[in-house]
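The chain is numbered in sequence order, starting from 1. Bear in mind that the values here come from a model prediction, so they are computed numbers and not experimental data.
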Amino acid sequence: QVQLVESGGDLVQPGGSLKLSCKASGITSSRFYAWAWYRQAPGNQRELVARVTPAGSIDYADSVKGRFTISRDNAKNTVYLQMNSLKPEDTAVYYCNLNNVVWGQGTQVTVSS
């Protein structure tokens, strides 16, 4: 059974940075699959933040372009989300997703002074 475990969520001041990690277990290699990060703020629908395909193509939500960077380490079956210049509106639970099938449990990111 494939499981995803996120880490790295925290309370950070506006303008600060965080790096989220998501590691897959129960899988031989994640290199054949797409990874994605989603987020969900209270009262809002879950939205796509960033996605990276097996070939390395990357898409970002307009709201995070230029501030967030998604990357993958196939050897570690891990995906990362580097978040810079954080804003209060980035506050949400962040979820990783593997192959549009498997979800992590979520990690809370709070941007507040």
* Asked: Under a single-linkage definition using a 4.5 Å side-chain heavy-atom cutoff for Ile, Leu, Val, Met, Phe, Trp and Tyr, are Val12 and Val64 assigned to the same hydrophobic cluster?
  -> yes
* If you round to the nearest 0.5 Å, how far is OG1 of Thr69 from CG of Asn84? -> 6.5 Å
* Asked: Hey, does the side chain of Thr91 reach the backbone of Val111 with a donor-acceptor pair shorter than 3.5 angstrom?
  -> yes
* **Neighbour count >12 (heavy atoms, 6.0 Å) for atom CD, Glu89** => yes
* Asked: Going by the angle between their ring planes, with limits at 30° and 60°, are Trp103 and Tyr95 parallel, tilted or perpendicular?
  -> perpendicular
* Structure fact -> When rounded to the nearest 0.5 Å, the distance separating CZ of Arg67 from NZ of Lys65 is 12.5 Å
* Derivation and outcome, side-chain hydrogen bond (donor to acceptor under 3.5 Å, both in side chains), residues Arg46 and Tyr38 -> CA-CA 6 Å; Arg46 192 171 297 188; Tyr38 288 76; over 6 Å; no
* Asked: Does Thr78 reach the main-chain N or O of Lys23 with its side chain, forming a donor-acceptor pair under 3.5 Å?
  -> no
* **Atom OH of Tyr33: over 12 foreign heavy atoms under 6.0 Å** => no
* Rounded distance (nearest 0.5 Å) linking atom OH of Tyr80 with atom CD1 of Ile70 -> 12.0 Å
* Asked: About how many Å separate NZ of Lys76 and OG of Ser29, when rounded to the nearest 0.5 Å?
  -> 14.5 Å
* To do: Flag yes if more than 12 heavy atoms outside Arg51 fall under 6.0 Å of its CZ atom; otherwise flag no.
  => no
* Asked: Between Leu18 and Gly8, what is the shortest heavy-atom contact and its length?
  -> CD2-O, 3.8 Å
* State, yes or no, whether a side-chain contact exists between Val93 and Arg39 at a heavy-atom distance under 4.5 Å. => no
* Do any N or O atoms from the side chain of Gln1 and from the backbone of Gly26 form a donor-acceptor pair under 3.5 angstrom? -> no
* Asked: Would you say the side chain of Asn97 lies within less than 4.5 Å of the side chain of Trp37, judging by non-hydrogen atoms?
  -> no
* Asked: Can you name the closest pair of heavy atoms from Val5 and Gln105 and give their distance?
  -> CA-OE1, 3.7 Å
* Structure fact -> Heavy atoms of Phe32 and Pro54 approach each other most closely as O-CG, 3.3 Å
* Asked: Just by modelled atom types, is the Ala41 backbone N or O under 3.5 Å from a matching donor or acceptor in the Asn44 side chain?
  -> no
* Glu6 side, atom CD; Leu81 side, atom CG - distance, nearest 0.5 Å -> 11.0 Å
* Asked: Honestly curious: do Val2 and Trp35 fall in one hydrophobic cluster under the side-chain, below-4.5 Å linking rule?
  -> yes
* To do: Would you confirm whether Arg72, through its side chain, and Ser30, through its main-chain N or O, come within 3.5 Å as a donor-acceptor pair?
  => yes
* For Lys87 and Asp90, what are the C-alpha separation, side-chain angles and deciding distance, and is it a salt bridge (Lys or Arg N to Asp or Glu O under 4.0 Å)? -> CA-CA 5 Å; Lys87 305 175 181 180; Asp90 294 318; over 6 Å; no
* To do: Kindly give the heavy-atom pair with the smallest separation between Ser71 and Val79, and that separation in Å.
  => O-CG2, 3.2 Å
* Give a yes or no on whether Leu4 and Leu48 share a hydrophobic cluster (residues Ile, Leu, Val, Met, Phe, Trp, Tyr; joining criterion: side-chain heavy atoms under 4.5 Å apart). => no
* To do: Using modelled atom types only, decide if a donor and an acceptor are shared between the side chain of Arg31 and the backbone of Asp73 within a distance under 3.5 Å.
  => no
* To do: Identify the heavy atoms of Gln82 and Ser17 that sit nearest to each other, and give their distance.
  => NE2-CB, 4.0 Å
* Structure fact -> Here the pair of heavy atoms bringing Ala50 nearest to Tyr60 is CB-CD2, 3.5 Å
* Asked: Quick one: are Cys22 and Tyr94 in side-chain contact, heavy atoms under 4.5 Å?
  -> no
* To do: With rounding to the nearest 0.5 Å, note down the distance linking CD1 in Ile27 to CG in Leu98.
  => 5.0 Å
* Any side-chain heavy-atom pair of Ser112 and Pro88 under 4.5 Å -> no
